[in-house]
Amino acid sequence: MLWTQTLIPTMKETPEGAEIPSHVLMLRAGLIGQVMAGAYTYLPLGLRSLRKAENIVREEMNAAGAVELLMPAISPISLWEQTGRAEAFGDVLIKFTIRRQNRKVRMALGPTHEEVITDLVARHISSYRQLPITLYQIQTKFRNEERPRFGVLRTSEFLMKDAYSFDTSVESLGENYKKMYAAYCRIFERCGLEYLPVEAESGPIGGDVSHEFMVPAENGEDTLLHCAECGYAANQERAEVGARDVAPPDVPLEELKKVDTPGASTIEQVSSFLGCKPQNLIKTLIYTADGKPIAVLARGDHEANEGKIRRAAVAEKLELADPEMIERVTGAPVGFAGPVGTKEKIAILADRDIRQMANSVTGANAADAHLTGVNLGRDFEVDQFADLRNAVDGDPCPRCNSQLAGRHAIEVGHVFKLGTKYSEALSARFLDDREQQHPIVMGCYGIGINRIIAAAIETSHDENGIIWPVALAPYEVLLVPLKVTDEQTMKVATQLHDDLSAAGIDVLLDDRDARAGVKFKDADLIGIPLRVVIGPRGLKQGQLEIKWRWEKEPRMIDRDGAAELVAELIRCKRKESDNSRV
RNA sequence: CGGGGCGUGGCGCAGUCUGGUUAGCGCGCCUGCUUUGGGAGCAGGAAGUCGGAGGUUCGAAUCCUCUCGCCCCGACCA
């Protein structure tokens with residue numbers, strides 16, 4: 001491809017509004033153009049990378065035995081009502097009504113396709129002989145995000161690979177899940193990403209497994225906790241906090257005192273009002289667990305984790321109590337609850353870290369008042385201790401004696417055991433060999449293709465631009481003739497271009513009549529892995545200059561046989577990134 | 001949905017508080033000459049309903065009201 005015949009609008013300056021590296025560089029390198037918040041055009045260069053990621057995903061899915069199909073982005077709203085997800089998605093689901101003749105048809109733009117595919121499978125699969133099967137598609141998804149942001153990382157429209165497995169049993173699902181998990185590992189390895197599979201919250205559908213594939217990056221929206229020692233990794237929602245030594249602190253116990261804290265109902269207000277640290281506060285949250293009020297205690301600077309609380313309370317449904325309930329139970333308005341002397345006697349669950357606290361501050365169960373010098377055992381008792389909070393950086397690892405490190409990350413993939421939620425709602429059943437009917441056991445597996453690109457840039461760039469892994473680079477080789485008006489230079493460049501193209505190498509020839517500096521700057525910016533400079537200096541000695549984008553110094557090669565050498569270098573790199581394939 | 005910031009040629013910005021010539025600057029673009037290995041120099045040129053609507057005023061990019069859009073923080077995220 002010739003530079004002058006495609007569209008690569010590079011920019012010297014960063015457009016206003018772009019802040020994180022992937023967004024800035026994708027705009028500056030001419031990969032994308034913004035159409036509105038959360039919607040971007042993929043320009044020729046950006047599209048090429050997107051397609052490369054897409055193809056890697058497709059190849060590995062096929063290799064794992066999944067079968068590609070393509071479903072429509074539009075689907076009838078009734079399908080979403082049948083599973084209750086029209087409501088569950090709320091405004092995130094893009095709904096609209098169109099007119100056909102004299103009737104109105106209500107539709108949704110697919111944010112994911114469990115409903116559509118389960119409906120399809122329900123129509124065409126009825127026997128255990130047809131199972132298991134895994135179907136997938138690569139298609140644009142639509143979600144009305146509350147706040148699109150970070151360039152291509154969170155958009156209202158994005159390219160997703162979504163796969164769905166259908167099995168006759170939970171055991172068989174487990175097999176499929178393992179296969180997909182392994183395929184995901186190969187995909188992200190081939191893409192050259194430093195990724196981490198982490199345990200994720202599997203949601204209300206059974207206690208089954210779910211994993212997210214995360215790329216640690218400073219600007220990631222997710223937080224994961226990772227133990228470098230034993231490899232334990234989980235997202236923040238899921239991560240367990242290892243048990244600490246429970247020796248209570250060895251300090252003299254203060255007297256229990258009631259202090260006035262007018263208007264101070266939040267942790268922040270109370271700690272600044274009383275001049276103490278949030279760590280010295282015990283926050284008391286009133287929940288209703290299956291309709292029954294319970295109190296949950298956590299250290300002031302910790303965040304309660306509702307999933308953990310629900311499991312500890314052995315409840316189906318858990319939600320924060322409403323203000324009336326709180327007032328009834330504690331005898332005080334919201335913000336002044338405490339474990340000492342609640343109005344009604346209720347069960348008290350406490351995070352394990354409460355055991356190590358002494359002389360704490362809690363709400364006094366009275367308006368505008370808190371208690372200081374509160375101590376476990378003397379002033380209040382706890383019915384049950386458990387891990388009830390989100391893990392944070394530095395917490396003990398639940399699997400070994402080491403510590404968890406908190407890291408931000410970009411979620412690029414998610415594998416999930418669904419069970420029979422959708423097959424039951426949409427009557428996708430099969431007959432077994434004894435003529436018994438069962439709902440099909442499902443799994444679903446998603447990859448954000450755009451996020452692969454963003455994550456690659458986010459984790460591989462320098463102050464001058466993108467540093468593409470060969471597998472995702474829009475072009476593998478960039479030819480830079482320094483003087484396009486010189487016949488000899490252009491003859492060599494064009495020949496190289498043609499030879500490399502013929503050898504199946506993706507090559508871009510910068511045939512612009514621009515100064516060397518301009519071309520070098522753009523070369524670094526768009527980050528093509530191998531740069532070949534054809535300049536008068538080298539040409540005099542019958543030589544060309546080559547440089548990998550990630551290296552500092554170029555080296556000279558002979559002009560004769562240059563095409564073969566360059567092609568071989570690229571093939572080697574391709575092989576390196578494919579090495580994960582067994 | 002709460003908080004904050006910003007809309008001025010293609011891109012980045014100044015001017016707005018304190019209303020007053022033909023609305024500036026850098027980059028980019030076009031023409032010419034010179035230059036030519038890390039974003040060239042000189043000369044000339046094209047390009048803007050100052051996000052939009054309404055209002056105040058002799059006069060509005062500037063003041064007032066409404067509105068649209070974009071970005072960031074938080075909340076939310078099957």
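First the proteins, then the strands, lettered A, B, ... as listed; each starts at 1.
Base pairing of B:A47 is not made with any nucleotide, judged by Watson-Crick or G-U wobble geometry with both donor-acceptor distances under 3.5 Å. Nucleotide B:G12 forms a pair with B:C25, judged by Watson-Crick or G-U wobble geometry with both contacts under 3.5 Å. Base pairing of B:A40 is made with B:U34, judged by Watson-Crick or G-U wobble geometry with both donor-acceptor distances under 3.5 Å. Under the Watson-Crick and G-U wobble criteria, each requiring two contacts below 3.5 Å, nucleotide B:G74 is paired to B:C1. Summarising the base pairing, B:G69 is matched to B:C6 through a Watson-Crick or G-U wobble pair whose two defining distances lie under 3.5 Å.
The side chain of A:F89 lies closest to B:A78, out of B:G26, B:A78, B:C1. Across B:C76, B:C72, B:C71, the shortest atom-to-atom separation from the side chain of A:E146 is found for B:C76.
Spacing between atom CZ of A:R149 and atom P of B:C77 amounts to 12 Å, rounded to whole angstrom units. Distance, A:E303 CD to B:G74 C1': 12 Å, rounded to whole Å. Taking atom CG of residue A:N219 and atom P of nucleotide B:C71, one finds them 16 Å apart after rounding to whole Å. Going from atom CD1 of A:I94 over to atom P of B:A78 covers 16 Å, rounded to whole Å. One can place CD of A:E145 at 9 Å from C1' of B:C76, the figure rounded to the nearest angstrom. The CG-P distance, from A:N235 to B:A78, rounds to 11 Å in whole Å. In this structure, CG of A:D91 is placed 15 Å from P of B:A78, rounded to the nearest angstrom. Rounded to an integer number of Å, the gap from A:D513 CG to B:C29 P is 11 Å.
For the pairing with A:M1, the side-chain contact (heavy atoms from CB on, under 4.5 Å) check across A:D511, A:L45, A:L508, A:L509 returns one residue only, A:L508.
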Response to the item:
Going 5' to 3' through nucleotides 33-43 of chain B and flagging B where a protein heavy-atom sits under 4.0 Å of the base, S where only the sugar-phosphate is that close, and - otherwise, we get --B-BBBB---
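For A:K95, the NZ atom sits in a packed shell: over 12 heavy atoms of surrounding residues, nucleotides or ligands are nearer than 6.0 Å.
Comparing B:C13 with B:G48, their C1' atoms sit 15 Å apart, to the nearest whole Å. The P atoms of B:C25 and B:G69 are separated by 34 Å, rounded to the nearest whole Å. For the P atom pair drawn from B:C66 and B:A75, the interatomic distance equals 30 Å after rounding to whole Å.
A donor-acceptor pair shorter than 3.5 Å can be found between the side chains of A:Y42 and A:N450. The closest side-chain donor-acceptor pair between A:N305 and A:E237, if any, does not fall under 3.5 angstrom.
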Could you go through nucleotides 2-7 of chain B and list every protein N or O atom that sits under 3.5 Å from one of its N or O atoms, giving the distance for each pair?
unit_1 : atom_1 : unit_2 : atom_2 : d
B:C6   : O2'    : A:E16  : OE2    : 2.6

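Between A:Q34 and the phosphate of B:C71, there is a side-chain N or O to OP1/OP2 separation shorter than 4.0 Å.
Aromatic ring pairs are classed by plane angle as parallel below 30°, tilted from 30° to 60° and perpendicular above 60°; the pair A:Y445 and A:Y184 is perpendicular. Between A:F213 and A:F188, the two ring planes are tilted [angle within 30° to 60°].
Taking a cutoff of 4.0 Å between a charged side-chain nitrogen and a carboxylate oxygen, A:E221 and A:R149 qualify as a salt bridge. By the 4.0 Å N-to-carboxylate-O rule, A:E545 lies close enough to A:R531 to be salt-bridged with it.
No engagement by A:A88 is indicated, since no non-hydrogen atom pair under 4.0 Å with the nucleic acid exists.
Ring to ring, A:F150 and A:H23 are not that close: their centroids are 6.0 angstrom or more apart. If you look at A:Y164 and A:Y136, their ring centroids are not closer than 6.0 Å.
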